[in-house]
2 protein chains.
Amino acid sequence: MAQQQQPMYQQIAEDLRKQIDTEVLKRGSQLPTELELRERYDASRNTIRDAIKRLISQGLVETRPGQGTFVTSKVDPFVTVITADANTGFGGGEGAAYLSQVSAGHRRPSATVPKVEVQAPPEPIAKRLRAGPGAQVVSRHQERYIDGIPWSLQTSFYPMDFIVKGATRLLMAEDIPEGAVRYLADTVGVRQIGYRDWITARLADDNEQRFFGIGHDSTVFVIFRTAFDQTKTPMRLTVTVFPTDRNQFIVNVGTDLPDPQYDEEPGEAAT
Amino acid sequence: MAQQQQPMYQQIAEDLRKQIDTEVLKRGSQLPTELELRERYDASRNTIRDAIKRLISQGLVETRPGQGTFVTSKVDPFVTVITADANTGFGGGEGAAYLSQVSAGHRRPSATVPKVEVQAPPEPIAKRLRAGPGAQVVSRHQERYIDGIPWSLQTSFYPMDFIVKGATRLLMAEDIPEGAVRYLADTVGVRQIGYRDWITARLADDNEQRFFGIGHDSTVFVIFRTAFDQTKTPMRLTVTVFPTDRNQFIVNVGTDLPDPQYDEEPGEAAT
DNA sequence: GCAAATTTGTTCGTATGTATT
DNA sequence: CAATACATACGAACAAATTTG
């Protein structure tokens with residue numbers, strides 16, 4: 001009987017995970033306290049805590065000091081189409097239409113008013129905007145929600161040059177209803193010919209952990225969107241941070257594809 | 001004196017992280033043993049281990065039983081272009097050209113011979129291929145490397161129908177040099193008009209942890225690529241798993257964009 | 001090839017601090 | 001204020017993996 005291979009804390013974690021999967025422990029419900037689990041599994045409290053730590057790092061439960069440990073209630077994931085679809089045309093702006101939201105109609109996106117700053121760009125930003133040393137940029141930062149759930153943190157950077165040439169509304173801490181792309185075309189004659197998204201993932205920093213309400217070893221998608229004008233010059237860089245636990249992305253290549261079937265979640269797949 | 005705010009194990013982790021960032025502890029080098037750190041920081045071994053666990057979950061160090069703890073040596077990330085570029089034309093096959101590899105010329109991709117199976121597809125696969133109950137599919141699984149480094153795990157699923165109609169080479173455990181797209185067009189007249197990538201992230205399972213050599217709380221990208229034929233019917237589903245610590249993706253929207261500047265890593269950005 | 005030394009992994013017990021009810 | 005529940009920290013012992021002599 002080669003059964004006693006795994007450490008006890010992993011066995012306990014596995015047992016609790018199964019109870020969560022099979023809804024014996026329902027979403028949002030409270031787990032037994034550490035002392036109760038200690039008796040049930042005949043283990044020390046430290047071992048119980050090691051098991052719970054595993055479940056936390058897997059995003060299955062969360063602990064609240066003074067209260068207890070609770071099964072996390074996962075939200076229906078937000079699905080974002082990165083490539084513009086036929087209806088919205090050639091997208092890629094900053095505002096509400098910036099990223100086409102699948103399941104639109106059911107869900108209500110919202111965002112804080114932009115926090116606008118003029119700053120010397122950090123090195124990675126400057127490189128992507130091809131801003132030389134000493135150059136200044138305008139940054140516009142927003143916290144974005146869907147149905148009241150923290151969805152993403154977004155910061156757009158524009159060359160200061162646009163302000164000098166007349167696009168002063170970029171400095172206003174208010175939305176640009178017609179979209180920044182349209183506004184820049186109208187005021188300074190800069191037309192967007194396309195953009196490039198650079199998709200990465202990393203651990204969430206402290207800010208992001210607080211805003212999204214995720215643990216310290218949760219990961220986030222970071223998408224760098226560089227938009228180019230008719231002279232192939234970067235005209236905007238938008239950095240958006242999405243927690244991976246509630247976000248998915250779609251990229252369409254080719255025309256005339258059937259609509260995605262949104263009721264089909266991409267579940268686990270054998271490799 | 002509001003200095004004793006953070007727990008000790010977090011302070012120790014922070015101190016070690018700084019030493020790694022400033023190259024005091026170089027890439028690949030060994031950290032002091034737990035007993036040495038225990039004396040240096042005047043803490044118990046368990047507290048030292050809590051600090052190291054934090055560094056592990058941040059991907060900064062790795063432990064090897066019987067040997068010690070080592071600073072992880074990060075590889076130059078692999079950058080994959082998801083949208084087809086002008087040169088390769090309308091991509092989306094299964095083989096080597098399946099995903100255009102940036103920095104090509106410097107790096108050598110390789111893959112194991114496909115492991116071919118005929119199976120009843122798991123539920124998520126069947127849904128996406130629109131395979132009814134009882135339907136069979138052919139799966140072709142490969143482990144893929146770049147410069148000998150584990151890069152991705154890929155499984156493609158084809159409807160069994162193609163085999164019946166004559167595309168028997170799909171059953172062979174060997175590469176299809178001209179590409180599966182071309183082969184299917186030639187043998188059964190099924191032409192690919194495009195594909196849709198569905199990008200998600202999740203924790204790595206045991207298989208993936210072993211193959212990629214990553215920890216149990218590391219995350220992976222999972223990309224579901226559904227390819228459609230001229231009748232808008234799914235003709236292939238490819239599931240590819242990439243560890244997030246060494247992979248990035250580019251999506252181009254619009255034509256005539258300048259080339260990416262590959263020497264510019266997307267570093268950390270203020271939000 | 002084997003035994004010893006080294007190093008990390010697991011488990012226990014205990015005590016105290018902090019947040020919530 | 002008291003009770004409850006999780007968070008941090010210490011010490012100790014043994015197991016498992018690896019290297020060294």
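- One can place CD of B:Q30 at 11 Å from C1' of D:dT19, the figure rounded to the nearest angstrom.
- Exactly one of B:F242, B:F249, B:W151 qualifies for a ring pair (Phe, Tyr, Trp, His ring centres under 6.0 Å) with B:F221. That residue is B:F249.
- With the nearest nucleotide of DNA chain C identified for both A:Q10 and A:G66, A:Q10 has the one nearer the 5' end.
- Here C:dG9 is the nucleotide among C:dG9, D:dC10, D:dA5 with the atom lying nearest to any side-chain atom of B:T63.
- A salt bridge between A:D21 and A:R17 is present, with a side-chain N of the basic residue lying under 4.0 Å from a carboxylate O of the acidic one.
- Of the listed nucleotides (C:dT14, C:dG9, D:dA12), C:dG9 has the atom at the smallest distance from the side chain of B:R49.
- Residues B:E36 and A:Y9 both approach DNA chain C. Their nearest nucleotides, taken by heavy-atom distance, put B:E36 toward the 5′ side.
- Side-chain rings of A:Y145 and A:F211 approach one another, their centers coming within less than 6.0 Å.
- Listed nucleotides C:dT8, C:dG13, D:dC6 differ in distance to A:E34; the shortest reach to its side chain belongs to D:dC6.
- In the set D:dG11, D:dT19, D:dA9, D:dT19 carries the atom at the smallest distance from any side-chain atom of B:Q67.
- Checked against ring-ring contact (aromatic ring centres under 6.0 Å, His included), A:F70 has no partners two or more places apart in sequence or in another chain.
- Between the P atom of D:dA9 and the CG atom of B:L37 lies a distance of 15 Å, rounded to the nearest Å.
- Of the N and O atoms on the side chains of B:T155 and B:S139, not one donor lies less than 3.5 Å from an acceptor on the other residue.
- Side-chain atoms of A:R144 and A:S152 form a donor-acceptor pair, as typed in the model, at a separation below 3.5 Å.
- For B:P7, taking side-chain heavy atoms from C-beta onward, the closest of the listed nucleotides D:dT8, D:dA5, D:dA12 is D:dT8.
- Helix bend of the helix from C:dC2-D:dG21 to C:dT21-D:dA2: the angle between its two end axes, each built from five pairs, comes to 10° after rounding to 10°.
- Counting distance only, with no hydrogens placed and no angle test, the side-chain atoms of B:R45 and the base atoms of C:dG9 include a donor-acceptor pair under 3.5 Å.
- A:Y41 has its OH atom 18 Å from the P atom of C:dT10, to the nearest Å.
- Remark on DNA chain D: of its neighbouring residues A:I52 and A:N46, the 5'-side contact belongs to A:I52, judged by nearest-heavy-atom nucleotide.
- With A:E208 contributing its side chain and A:L153 its backbone, the two residues share no donor-acceptor pair below 3.5 Å.
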